[in-house]
Amino acid sequence: MIPFLDMKSVYAELKPELDAAYLRVMESGWFVLGREVAAFEEEYAAFCGTAHCVGLGNGLEALELVLRAWDLGAGDEVIVPSNTYIATWLAVTAVGATVVPIEPTPAGPNIDPERIAAAITSRTRAIMPVHLYGEPADMDAIMALADRHGLKVVEDVAQAQGARVRGRRAGALGHAGAHSFFPTKNFGAFGDGGAVTTDDPKLAERLRVLRNYGSRVKYVNLERGFNSRLDEMQAAFLRAKLPRLDAWNERRRVLAARYDDKLAGIADLGLPRAPQWAEPIWHLYVVRTERRADLITALDKAGIGSLIHYPIPPHLQEAYADLGWPAGTFPIAEKLAQTVLSLPIGAHMSSEAVDAVAAVVRATLQR
Ligand SMILES: *Cc1c(COP(=O)(O)O)cnc(C)c1O
């Protein structure tokens, strides 16, 4: 049996540190916005290479609050990938702005800068690239466009904590980076959590107000804010995990390279290909095949977990039926939704497990 993702081994590896974090918070008697969050914000900003980090309730709210802090709303257009998890779009529509979906590059999975250039209008205010599956989007090209047109860029870093472009971390490449610490992410908490990283002190300060009822000083409310705070327990757990993140990501890189090797040369199997300039962190190892249903069945039978990220693109979801984009509107995203399959990967997976998965894939598709 090979699970899609092993969620228990982190505790086995870090039990003393995590238990100590739990005790520290319990004994402090302070659970929201305290020393753990402040310390985590400092440590995670240093990790990402930004001046500021603001701990928030989750990744979706991190994206949304950045847009609110920039005062984006009705009438404003935000460029988003057509090929992404729905949270990216939800952040934009939550503030009343308009999503402008852009197709991925032909090789996928990330937004195509050339198509972005063609979609910029006088109403465009921001670009929200996603580093999907842990692979950085083409941030050099995106930032060049943003500079030329005076646009804001918020990176969706939910799947890419620790990834780099030429040595610089995801979350430090745009004007703001929105992070999720949902438990299944590469850098996950043991519950919900999120953050924004940025070099912009004004943005960081506005987010600190917005996350806490619009208040800087208790019971003095400067604006209509929200409740979206990383809590002390999750911050303490994340502090225990952060020193391991690079090593865990490195392990994923080794496993991804092993998949590349073991799966080479199979007809009708597309392997992930990151650009030269990108250092992906392999949140997911996503292959493409027209024979996906057969492959899922064979993996199931062998006791191997697999998942589809994602089976329905946002524009075809019932949630966005009102936008009126029928099937065929974003064909590249739709094709990916029909053919992608994520194979098991994780920092605690064995090389033998990768070999076993690869053997089933090869036996199935070469039949
Ligand atoms: C997980 C995820 C989010 C949302 O993060 P939450 O913490 O679950 O709200 C946003 N964007 C992408 C690409 C994600 O994978």
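Read the numbers this way: they start at 1 and go in the same order the structure lists the ligands and their atoms. The first residue of the sequence shown is numbered 1, and numbering continues consecutively from there.
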*Could you tell me whether E41 and R211 have a side-chain N and a carboxylate O separated by less than 4.0 Å?*
yes
*Kindly determine whether N249 and N186 satisfy side-chain hydrogen bond (donor to acceptor under 3.5 Å, both in side chains), including the steps that lead there.*
CA-CA 8 Å; N249 283 341; N186 281 36; 2.9 Å; yes
*So is there a nitrogen or oxygen of Q159 less than 3.5 Å from a nitrogen or oxygen in ligand 1?*
yes
*Quick one: look up the protein heavy atom nearest atom 13 (C) of ligand 1 and list residue, atom name and how far away it is.*
D156 OD2, 3.4 Å
*May I have all residue pairs that pass side chain to side chain donor-acceptor pair (under 3.5 Å) and include part of residues 92-109, sequence neighbours excluded?*
S82-E103, T93-Y320
*Rounded to the nearest 0.5 Å, what separation is found between the CZ atom of R24 and the CD atom of E36?*
4.0 Å
_When you compare ligand 1 with S180, is there at least one nitrogen or oxygen pair between them that comes in under 3.5 angstrom?_
yes
_For the CZ atom of R292 and the CG atom of L299, what is their distance to the nearest 0.5 Å?_
12.5 Å
*Within 45° cone and under 6.0 Å: K335 NZ/CZ vs F330 ring*: no
*Any N or O of V130 that comes nearer than 3.5 Å to an N or O of ligand 1?*
no
*Looking only at distance, does F181 have an N or O less than 3.5 Å from an N or O of ligand 1?*
no
*For atom 10 (C) of ligand 1, what is the nearest protein heavy atom, given as residue, atom name and distance?*
A87 CB, 3.4 Å
*Got the closest protein heavy atom to atom 9 (O) of ligand 1, with its distance?*
L60 N, 2.9 Å
*asked:* Looking at ligand 1, would D192 count as a contact under a 4.0 Å heavy-atom criterion?
replied: no
*asked:* Return the closest protein heavy atom for atom 14 (C) of ligand 1 as residue, atom name and distance.
replied: K185 NZ, 3.1 Å
_Tell me the closest heavy-atom pair linking A163 and P136, and the distance in Å._
CB-CG, 4.1 Å
*Going by the atom numbers of ligand 1, which of them fall below 4.0 Å from some non-hydrogen atom of N58?*
7 (O), 9 (O)
*side chain to side chain donor-acceptor pair (under 3.5 Å) with D147: which residues, sequence neighbours excluded?*
none
*Under 4.0 Å from a heavy atom of G59: give me the atoms of ligand 1 that qualify, with their elements.*
5 (O), 6 (P), 7 (O), 9 (O)
